There are 4 protein chains.
Amino acid sequence: MKNELIKHSIDLFVEKGYSATSIKDIVDTLGVTKGSFYYHFTSKEELLMDIHLQYIDELLSRQKRIVETEKTSRDKLVKIVELVIRDIEKQGPIGRVYYREIRHLTPENAAIIRQKRGEFRDNIEQVMAEGIENGEFRKELQPKMITFAILGITNWSYQWFNPQGELSVGELADMYTDFILNGVLAEK
Amino acid sequence: MKNELIKHSIDLFVEKGYSATSIKDIVDTLGVTKGSFYYHFTSKEELLMDIHLQYIDELLSRQKRIVETEKTSRDKLVKIVELVIRDIEKQGPIGRVYYREIRHLTPENAAIIRQKRGEFRDNIEQVMAEGIENGEFRKELQPKMITFAILGITNWSYQWFNPQGELSVGELADMYTDFILNGVLAEK
Amino acid sequence: MKNELIKHSIDLFVEKGYSATSIKDIVDTLGVTKGSFYYHFTSKEELLMDIHLQYIDELLSRQKRIVETEKTSRDKLVKIVELVIRDIEKQGPIGRVYYREIRHLTPENAAIIRQKRGEFRDNIEQVMAEGIENGEFRKELQPKMITFAILGITNWSYQWFNPQGELSVGELADMYTDFILNGVLAEK
Amino acid sequence: MKNELIKHSIDLFVEKGYSATSIKDIVDTLGVTKGSFYYHFTSKEELLMDIHLQYIDELLSRQKRIVETEKTSRDKLVKIVELVIRDIEKQGPIGRVYYREIRHLTPENAAIIRQKRGEFRDNIEQVMAEGIENGEFRKELQPKMITFAILGITNWSYQWFNPQGELSVGELADMYTDFILNGVLAEK
DNA sequence: TATGAATGAGTGTTCATTCAT
DNA sequence: AATGAATGAACACTCATTCAT
């Protein structure tokens with residue numbers, strides 16, 4: 001039930017936004033009552049926090065595995081980009097909620113999520129820094145700014161990319177890793 | 001007065017989001033009454049539409065001038081990226097409202113804005129296509145996808161970049177044009 | 001201008017009711033502004049009072065002439081019924097406002113109108129009483145109740161009768177005077 | 001609770017009219033909150049529709065029984081008049097709301113009510129037509145117009161008759177059936 | 001005469017939340 | 001684990017009225 005509630009509320013949050021989605025909207029799609037919702041969640045915000053946590057925690061753990069497994073900075077970067085892009089299909093629309101509704105969390109909860117987001121970003125930044133250091137990436141790059149640029153490319157895809165369209169997530173991932181590598185790889 | 005209302009509401013929409021900002025919030029910051037708001041706007045949504053129109057129309061007209069003035073595809077691309085990045089400082093926080101709140105427009109109004117967004121994107125796409133054709137840009141690039149990547153980089157900056165921070169908009173623009181050019185320019 | 005305002009507001013009051021008609025509705029149909037309305041009327045209620053007064057005063061004066069002019073009770077009654085029925089066409093929809101919106105007058109103004117309504121009713125009642133006394137009408141009738149019955153027949157016509165329909169006001173008046181006379185005239 | 005709300009709102013609608021009665025007025029008389037009102041009704045108009053339906057449905061079903069039970073046209077007519085007049089006391093002031101506030105229903109709902117009103121009128125018309133055919137009523141009568149006259153007499157009573165006054169509903173009913181019969185019965 | 005801008009109280013309605021059952 | 005009823009604060013919006021110009 002709790003998972004059902006989460007699943008349906010994500011769809012609604014994507015479609016109408018968190019503020020514009022009422023508890024009634026959520027429970028109506030499941031045919032249960034509001035009281036039932038409040039048995040499983042103490043507040044609407046707790047639900048939102050659950051969604052955020054679930055998403056970022058999975059992303060972080062998979063990112064960690066990549067960093068530990070891959071050898072070269074180049075491969076680490078490629079795999080992380082692929083992770084985020086391919087997730088558009090797998091995790092579905094949750095990503096859009098994730099980037100948009102953080103301001104509706106309480107300051108404390110927002111801080112927790114921001115910290116985890118920071119971790120994810122820091123991990124990319126570190127890959128960049130290592131790559132620059134070991135000569136894989138160009139020396140002039142500023143790891144922090146390039147990280148934001150990469151996140152911009154990938155996150156923005158959640159806004160416009162349709163996995164059911166003419167391009168598959170795989171093709172999009174290939175295209176973008178290619179583009180990014182061209183921007184960062186040192187000339188041979 | 002109408003302009004004052006627009007200005008203050010942008011700040012509030014940035015901070016709390018459109019749905020979470022009440023008309024009362026807006027008029028209170030100006031010390032006027034709700035009745036006054038409704039003298040100038042027929043609805044909250046009209047205000048949001050005004051904000052969207054004002055923003056995209058200015059962007060479009062400046063983009064048009066760039067495309068007409070600059071000679072090479074490279075310069076066109078550089079200037080457009082600069083236009084968007086430097087706007088973070090000039091137009092201030094309005095950009096964040098622009099990308100986030102479109103779903104609160106009526107379908108008709110949203111369609112109008114989406115069409116103008118499409119124009120802006122199409123213009124970049126055309127610059128890419130021209131550059132590829134005349135040999136300035138790499139042959140393998142897909143104009144459409146690269147355009148989305150560029151928009152991802154620039155738009156995402158509205159989410160995190162602080163013009164009062166250690167980096168100026170000018171420096172960020174330089175960095176990003178450099179990164180993008182590296183990704184698209186054909187080897188010499 | 002004042003007369004224009006009265007004329008258009010009657011139409012709106014008929015259509016939507018007094019409460020549901022706003023000053024804005026009224027002035028919009030004339031293309032003027034609210035300030036203009038308040039130059040001519042001190043309040044919305046004053047307008048309503050004007051409408052009531054105009055209507056009842058004309059009715060009363062015409063009724064008075066009938067009572068003074070006609071000889072028999074029967075003719076007095078017939079002419080009064082005709083007066084009210086034929087007015088559906090002449091005065092148009094004002095009658096419907098008259099009977100419906102009196103409760104939106106201030107108590108003082110409502111009292112004035114009710115008193116004039118009372119006069120109109122009393123005059124009919126007196127015709128009935130005279131007719132009974134002089135043997136024209138049946139002895140068993142109670143003037144007061146019959147008066148209300150007659151007013152019911154005539155006033156109700158304002159609710160359903162369409163002067164542009166298959167029946168003319170003249171025909172309706174004939175039919176109803178006939179029906180009423182059958183109910184009240186003493187057998188010969 | 002729902003019934004309580006209906007009961008109290010009828011009183012207020014009678015007194016001040018539908019438009020001039022606010023939800024707050026209604027719930028304040030019961031000491032509950034607006035939220036509670038909206039738990040039971042989806043809108044103010046739904047409440048108005050409920051009132052209309054409740055009234056006309058009962059009237060129609062009782063009218064139907066009369067038409068099926070009574071033998072002569074005369075008796076049918078007498079019983080129907082009595083039904084409406086006696087209802088002033090039983091159903092109380094609801095009748096006044098019924099005839100006055102129909103224009104505040106949505107067009108769809110108004111159509112439903114108007115159709116039921118039409119049925120009630122048609123049933124009387126048919127009694128008239130039968131009575132004329134079988135010789136009980138005068139040949140010259142036009143069933144439709146006489147029906148409106150009868151409805152005028154009875155409905156108007158809702159506006160002025162006070163069941164607690166000097167006359168009882170029974171006496172009023174007798175008086176009016178007598179008056180109407182005099183107007184319609186064929187001479188013997 | 002008329003306007004345009006503003007007011008402030010009020011309207012119908014929504015909604016997150018509570019709680020006895 | 002879930003319901004049905006209720007709350008109360010908030011919301012977008014309306015409107016009669018005022019008033020300087």
Side-chain angles (χ1 to χ4, degrees), chain A residues 1-2 4-5 18-28 30-48 104, chain B residues 1-2 4-5 18-28 30-48 104, chain C residues 1-2 4-5 18-28 30-48 104, chain D residues 1-2 4-5 18-28 30-48 104:
Chain A
M1 168 87 312
K2 191 169 178 170
E4 286 298 302
L5 284 167
Y18 172 82
S19 287
T21 302
S22 69
I23 306 288
K24 192 174 179 300
D25 289 339
I26 296 167
V27 297
D28 278 0
L30 274 161
V32 296
T33 59
K34 285 202 242 179
S36 189
F37 177 92
Y38 280 93
Y39 179 79
H40 293 289
F41 300 96
T42 62
S43 69
K44 190 185 176 188
E45 195 250 341
E46 195 195 83
L47 163 65
L48 184 61
H104 295 117
Chain B
M1 170 89 306
K2 191 166 179 174
E4 286 297 302
L5 285 165
Y18 172 81
S19 286
T21 301
S22 70
I23 306 288
K24 190 174 181 300
D25 290 339
I26 295 168
V27 296
D28 279 0
L30 273 160
V32 295
T33 59
K34 281 201 250 178
S36 193
F37 177 92
Y38 280 96
Y39 179 77
H40 294 288
F41 300 96
T42 59
S43 68
K44 192 184 175 187
E45 196 250 340
E46 193 195 84
L47 163 65
L48 185 61
H104 295 117
Chain C
M1 170 89 307
K2 191 167 179 173
E4 285 298 302
L5 285 166
Y18 172 81
S19 286
T21 301
S22 70
I23 306 288
K24 192 173 179 304
D25 290 339
I26 297 168
V27 296
D28 278 0
L30 274 161
V32 295
T33 60
K34 285 202 240 176
S36 188
F37 177 92
Y38 279 94
Y39 178 79
H40 294 290
F41 300 96
T42 62
S43 70
K44 191 183 176 188
E45 195 250 341
E46 194 195 83
L47 163 66
L48 185 60
H104 295 117
Chain D
M1 169 87 311
K2 192 167 178 171
E4 286 297 302
L5 285 166
Y18 173 81
S19 287
T21 301
S22 70
I23 307 287
K24 191 175 181 299
D25 290 340
I26 296 167
V27 297
D28 279 0
L30 274 160
V32 296
T33 60
K34 284 202 248 177
S36 192
F37 177 92
Y38 279 94
Y39 178 78
H40 294 288
F41 300 96
T42 61
S43 68
K44 190 185 176 187
E45 196 250 339
E46 193 194 84
L47 163 64
L48 185 61
H104 295 118

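Every value quoted in this text rests on a predicted model; they were computed, and no experiment measured them. Chain identifiers are assigned alphabetically (A, B, ...) following the order of the sequence lines, protein sequences preceding nucleic acid strands; residue numbering begins at 1 within each chain.
Residue D:Met1 is the one, among B:Glu45 and D:Met1, whose nearest nucleotide of DNA chain F lies closer to the 5' end (criterion: closest heavy atom). For the pair C:Ala20 and A:Phe37, both in contact range of DNA chain F, the more 5′-proximal nearest nucleotide belongs to A:Phe37. Remark on DNA chain E: of its neighbouring residues D:Thr21 and A:Thr21, the 5'-side contact belongs to D:Thr21, judged by nearest-heavy-atom nucleotide.
The side-chain hydrogen bond (donor to acceptor under 3.5 Å, both in side chains) test applied to A:Lys2 returns no partner, not counting sequence neighbours. Looking at residues two or more places apart in sequence or on another chain, you find no salt bridge (charged side-chain N to carboxylate O under 4.0 Å, His left out) involving C:Glu45. Considering only residues two or more places apart in sequence or on other chains, D:Glu4 meets the salt bridge (charged side-chain N to carboxylate O under 4.0 Å, His left out) condition with D:Lys7. In terms of the side-chain hydrogen bond (donor to acceptor under 3.5 Å, both in side chains) criterion, residue partners of B:Ser19 (sequence neighbours excluded) are, by chain and number, B:His104.
Rounded to whole Å, atom C1' of F:dA16 lies 14 Å from atom CG of C:Leu48. Computed from coordinates, the A:Lys24 NZ to F:dG4 C1' distance equals 13 Å when rounded to whole Å. The CD atom of D:Glu4 sits 15 Å away from the P atom of F:dA5 (whole-angstrom rounding). Atoms CD1 (D:Ile23) and C1' (F:dG8) sit 16 Å apart, rounded to a whole Å. A:Phe41 places its CZ atom 13 Å from the P atom of F:dA1, with the value rounded to the nearest Å. Here E:dT7 presents its C1' atom at 15 Å from CG of B:Leu30, a figure rounded to the nearest Å. Atom pair B:Ile26:CD1 and F:dA12:P shows a separation of 8 Å (rounding to whole Å applied). If you take CD of D:Glu46 and C1' of E:dT13, they are 13 Å apart, rounded to a whole angstrom.
The structure places OG of C:Ser43 at 9.0 Å from CG of C:Leu48, a figure rounded to the nearest 0.5 Å. Rounded to the nearest 0.5 angstrom, A:Leu5 CG and A:Ser36 OG are separated by 6.5 Å.
Side-chain N/O atoms of D:Ser22 include one lying less than 4.0 angstrom from OP1 or OP2 on E:dT11. Put simply, A:Tyr39 has no side-chain N or O that comes within less than 4.0 Å of OP1 or OP2 on F:dA2.
In the set E:dA2, E:dT17, F:dA16, E:dT17 carries the atom at the smallest distance from any side-chain atom of A:Lys44. Checking F:dA6, E:dA2, E:dA16 against every side-chain atom of D:His40, the shortest atom distance belongs to F:dA6. Out of F:dT3, E:dA5, E:dA2, the shortest distance to the side chain of C:Thr33 is found at E:dA2. The nucleotide whose nearest atom lies closest to any side-chain atom of C:Val32 is, among E:dT7, E:dT3, E:dA16, E:dT3.
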So which protein nitrogen or oxygen atoms get under 3.5 Å of nucleotides 19-21 of chain E's nitrogens or oxygens?
none

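Between the side chain of A:Lys44 and the backbone N or O of A:Tyr18 there is at least one donor-acceptor pair closer than 3.5 Å.
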Item to check | Dot-bracket encoding of pairs in DNA chain E, which uses [ ] for pseudoknotted crossings and | for another strand, Watson-Crick or G-U under 3.5 angstrom | outcome: .||||||||||||||||||||

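Looking at heavy atoms from C-beta onward, B:Phe37 lies out of side-chain contact with B:Val32 at the 4.5 angstrom threshold. Residues C:Leu47 and C:Ile23 have side chains not in contact (no heavy-atom distance under 4.5 Å, counting atoms from C-beta outward). The shortest distance between side-chain heavy atoms of D:Val27 and D:Thr33 does not fall below 4.5 Å.
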